[in-house]
Structures are given as C-alpha cells and as structure tokens.
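Quick one: structure below, then a few questions.
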Amino acid sequence: PHHMQLFNSFSLSYRDMPVRFFEPATIYRDEKSGQLHGLTRVRAFTQDDGHIFCRKDQIGKEVSIVVEVIRKFYSTIGMDEDYWVSLSVRGSDKSKYLGEDSAWILAEKALEKAAKDNKLPYKKIKGEAAFYGPKLDFMFKDSLDREWQLATIQCDFNLPERFKLSFINEESKKEQPVVIHRAISGSLERFMGIVIEHFAGKFPLWLSPIQVKILTVTDRSIKLAQEVKNKLHDAGIRVVLDDRSETIGKKVRDAQLDKVNYMLTIGDKEIESKTLAVRSRDGKVEFGIDVDNFVEKLIKKIKDRSL
C-alpha cells in the first residue's frame, strides 16, 4: 500500500509514465506451526517486490519487459528448461474478488495478449487470481517434480481506484493508472529452498558455496596444499582445505557427499611434479594438471556459467 501512497505524493503527467517502484520488502505472516515447512513456508520473509504504474496502452510493453527480466534471471540460474505459466483468472464465484467486471475483463485480456505476444507456455487457470486482479504465475519444478510458483506478474485496476490514484493525461484531465505487481524470485527464502531442491544440492560451478576442496594425502602435502589454496582464493574461487588426519578415501567420500564441483588431491607425486590430481563431481580424474592452467580454466567456466 505505501507504494500507492508514494505515487500519490507526486504530481505526475502522462509524460512521466511509467513509474516503477521496487524494494526488497520484509513482511510477516501468521502461519500456524503445522504449516511451516523449511525455507518454503516461513513466518518472516523478504520478497523482491515491485510495482509499475502505467497507462493502459503501456500494459503490453511493461509486461513484456518484466517477462524478459524473468527469462534472463532464470536462464542465468539454469532453471529455464522446464516451466509453465499459469494465467490465473477469476473463478465463477465473483464475490471473492474486488472491482467491476469491466476492469477484470480488461486486465485478463491484457495479460493473455502479453502471454501470447511473448510466446509464453501458458494455461488459463480459473479461480487462481488474486482478489484484486489476474496474474501470470511462473511455475517451476524441483528435483522431486513438485511444482512451485516463483515469479509473478499481476495486473491491478482495483488498488488505483481504491487509493484514488491519478496522473494528468494528454487532455489535461485526471486519468487512473494501471498497477502491475511484479516479483522476479518472489520470496527470497522460498526461492533459495527451491533452488536447492531443483539442483538436488549439485549447484553449477558459479553458484556453489564451495567450488573446490583440496585434499591432502599426508602431512607432507600441507605446505603445497596451502599454497594452492592461497592461489585459488586470490583468484576469487571459493575453496577449502581438508587436511584432517583421515584416509584419502574418506576425504574424497566426504567431498562427494558435499557435492563439491572439484576435488584436488595432493600427495607425494604432486609435491614432486608441482601439479594437481583433479577429480570432478562426476568422478572423472585427471593427473598432472598445472595449477595456473587449472585456475585459468576455472575462472573461464565461472564466467561462462558452465558446470
């Protein structure tokens, strides 16, 4: 609601439109204890909340811009291969929804046209609209094939009317704007939970909290291992050193359970040759790898967003 009040605090004309407000807003919901579920359903959460105030003839363009942002965001994450869009409209019981039929019809048509224009894989789902307007909900699957709604675009004619929002149009008359609600990741907590489930913990290299784990075979390996760690760290790579007094088999097993992208084994052969034995997460092992070449290739893979 305060975004509506912010808009109303300015004297705006059609030349100023669209007006876009955004904030990472922390909000609270009184969930019952039995409804709480990890990161996906919490009592306090933060969402990337945005509202676009525009003219009616700008709806299509603004929705298309948000669609492009959503596509770019999820393709970067690596979650754009299997999703669909719910065009959520009113159900048959119209008493649950605010506003006149004419406003709803206009909003639903505007969103459906935007979905078609942007070639979205959408289905019209009745009864899933918000109480104030229809929406495009982007549905993603996790590793267990469960569906979750993340990004959303909602078209709202009702809040501007209830808050008496207006701008001066080309005829120097007051005109009511349209509000487009938009969230790219939605609740950041739920988004994190779903990303973890989507990748089943096997994060792409650029996203992994630990990208490389260095494993020492004996205490003689620690000096070289520390040098390699420092070199990787200085290059901006997230790396940890496992120099515990455990067998190399156990260290490799622990790193595999942690789903680390690369494991560097350093033993007497590596000390002698000043090279690395590199094991990837898929089990492929390469010997005699030059440290500088490995760092260079790793940086390139991170920049390319590759696995």
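Bear in mind the structure is a predicted one, so any value in this text is a computation, not a measurement.
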Indicate the atoms forming the closest heavy-atom contact of D49 with A25, along with that distance.
CB-CB, 4.3 Å

Donor-acceptor check, side chain of D137 to backbone of Q149, threshold 3.5 angstrom: yes or no?
no

Given side chain to side chain contact (heavy atoms under 4.5 Å, CB included), test R146 with E197 step by step and report yes or no.
CA-CA 10 Å; R146 296 175 298 187; E197 290 289 344; 3.6 Å; yes

Test log, rule salt bridge (charged side-chain N to carboxylate O under 4.0 Å, His left out), inputs D57 and R55
CA-CA 5 Å; D57 62 355; R55 305 190 308 263; 3.2 Å; yes

List for me each residue that meets salt bridge (Lys or Arg N to Asp or Glu O under 4.0 Å) alongside K250, sequence neighbours excluded, and say none if there are none.
D254

Within the 4.5 Å heavy-atom criterion, are I184 and V66 side-chain neighbours or not?
yes

Just wondering, do V85 and V67 contact through their side chains at under 4.5 Å, heavy atoms?
no

For the CG atom of L106 and the CD atom of E100, what is their distance to the nearest 0.5 Å?
13.0 Å

Is it true that a side-chain atom of D242 and a backbone atom of R244 form a donor plus acceptor pair closer than 3.5 Å?
yes

With sequence neighbours excluded, residues passing side chain to side chain donor-acceptor pair (under 3.5 Å) with D117
K113

Between E189 and T46, what is the shortest heavy-atom contact and its length?
OE1-N, 3.0 Å

Which heavy atom of C155 sits nearest to which heavy atom of F157, and what is that distance?
SG-CE1, 3.9 Å

A side-chain contact here means heavy atoms from C-beta on lying under 4.5 Å apart; do E175 and S13 qualify?
no

For a salt bridge (charged side-chain N to carboxylate O under 4.0 Å, His left out) check, start with the C-alpha distance between D156 and R162, then their side-chain angles and the critical distance, and finish with the verdict.
CA-CA 11 Å; D156 186 354; R162 294 168 76 85; over 6 Å; no

Whether over 12 other heavy atoms sit under 6.0 Å from R43 CZ:
yes

Is there a donor-acceptor contact under 3.5 Å from the side chain of R281 to the main chain of K259?
yes

In Å, rounded to the nearest 0.5 Å, how long is the span from NZ of K297 to CG of D290?
9.5 Å

Do D258 side-chain atoms and V260 backbone N/O form a donor-acceptor pair below 3.5 Å?
no

Please say yes or no: joined through hydrophobic side-chain contacts below 4.5 Å, possibly via intermediate residues, are I125 and W148 part of one cluster?
no

Measure the CD1-NZ distance between I194 and K141 for me, rounded to the nearest 0.5 Å.
14.0 Å

Within one Ile-Leu-Val-Met-Phe-Trp-Tyr cluster: F22 and I65, side-chain cutoff 4.5 Å:
no

Between E62 and R182 (salt bridge meaning N to carboxylate O under 4.0 Å), is one present in this structure?
no

Within the distance-only criterion (no hydrogens, no angle test), does the side chain of Q211 pair as donor or acceptor with the backbone N or O of R238 below 3.5 angstrom?
yes

Please step through side chain to side chain contact (heavy atoms under 4.5 Å, CB included) for the pair I153 and F138, ending with a clear verdict.
CA-CA 9 Å; I153 306 170; F138 288 70; 4.1 Å; yes

Cluster check I222, V240: I/L/V/M/F/W/Y, side chain < 4.5 angstrom:
no

Spacing of K174 atom NZ and F167 atom CZ [to the nearest 0.5 Å]
12.5 Å

Is it the case that the ring center of H181 lies less than 6.0 angstrom away from the ring center of Y132?
yes

Reference residue T216; test side-chain hydrogen bond (donor to acceptor under 3.5 Å, both in side chains); the match among K251, E270, Q226
K251

Min side-chain heavy-atom separation R71-Y83 under 4.5 Å:
yes

Verify the neighbour count for atom CD of E170: are there more than 12 heavy atoms of other residues, nucleotides or ligands below 6.0 Å?
yes

Backbone of S185 reached by a side-chain donor or acceptor of R190 within 3.5 Å:
no

Given V195, which of L39, L150, L207 fulfils the side chain to side chain contact (heavy atoms under 4.5 Å, CB included) condition?
L207

Side-chain heavy-atom pair L205, L298 within 4.5 angstrom cut-off:
yes

Step by step, would you call V217 with K269 a side chain to side chain contact (heavy atoms under 4.5 Å, CB included)?
CA-CA 10 Å; V217 177; K269 288 182 180 179; over 6 Å; no

Is there a continuous path of hydrophobic side-chain contacts, each under 4.5 Å between heavy atoms, that joins I214 to I271?
yes

Is the backbone of L120 close enough, under 3.5 Å, to the side chain of N118 for a donor and an acceptor to pair up by distance?
no

Are the side chains of F294 and L232 in contact, using a 4.5 Å heavy-atom criterion?
yes

Looking at F21 versus F53, is the centre-to-centre ring distance below 6.0 Å?
yes

Backbone N/O of I266 and side chain of S221: donor-acceptor pair under 3.5 Å
yes

Enter the distance from M139:CE to S88:OG here, rounded to the nearest 0.5 Å.
8.0 Å

Please check if the number of heavy atoms outside E23 that lie under 6.0 Å from its CD is greater than 12.
yes

State, to 0.1 Å, how close A130 and K135 come at their nearest heavy-atom pair, and which atoms those are.
N-CE, 4.0 Å

Can you measure from NZ (K213) to CG (L264) and round to the nearest 0.5 angstrom?
12.0 Å

Do you know the tightest heavy-atom contact between P204 and N261?
C-ND2, 3.9 Å

If you draw a 6.0 Å radius around CD in E31, do more than 12 non-hydrogen atoms from other residues or ligands fall strictly inside?
yes

Transitively linked via ILVMFWY side-chain contacts under 4.5 Å: W206 with I237?
yes

Would you say N8's side chain and F163's backbone share a donor-acceptor pair under 3.5 angstrom?
yes

Check whether any side-chain heavy atom of K274 lies under 4.5 Å from a side-chain heavy atom of L276, and answer yes or no.
no

Connected hydrophobic set around W104, excluding itself, where side chains approach under 4.5 Å
Y97

For residues F191 and F73, establish whether the separation of their ring centroids is below 6.0 Å.
yes

Should E112 and V89 be marked as a side chain to side chain contact (heavy atoms under 4.5 Å, CB included) after you check the CA-CA gap, both sets of side-chain angles, and the distance that decides it?
CA-CA 10 Å; E112 185 159 18; V89 298; over 6 Å; no

R220 side chain to D268 main-chain N or O, any donor-acceptor pair under 3.5 Å?
no

Minimum-distance pair of heavy atoms, taken over all atoms of Q176 and E161:
OE1-CA, 3.4 Å

Can you find a pair of side-chain heavy atoms, one from K124 and one from E108, that are under 4.5 Å apart?
no

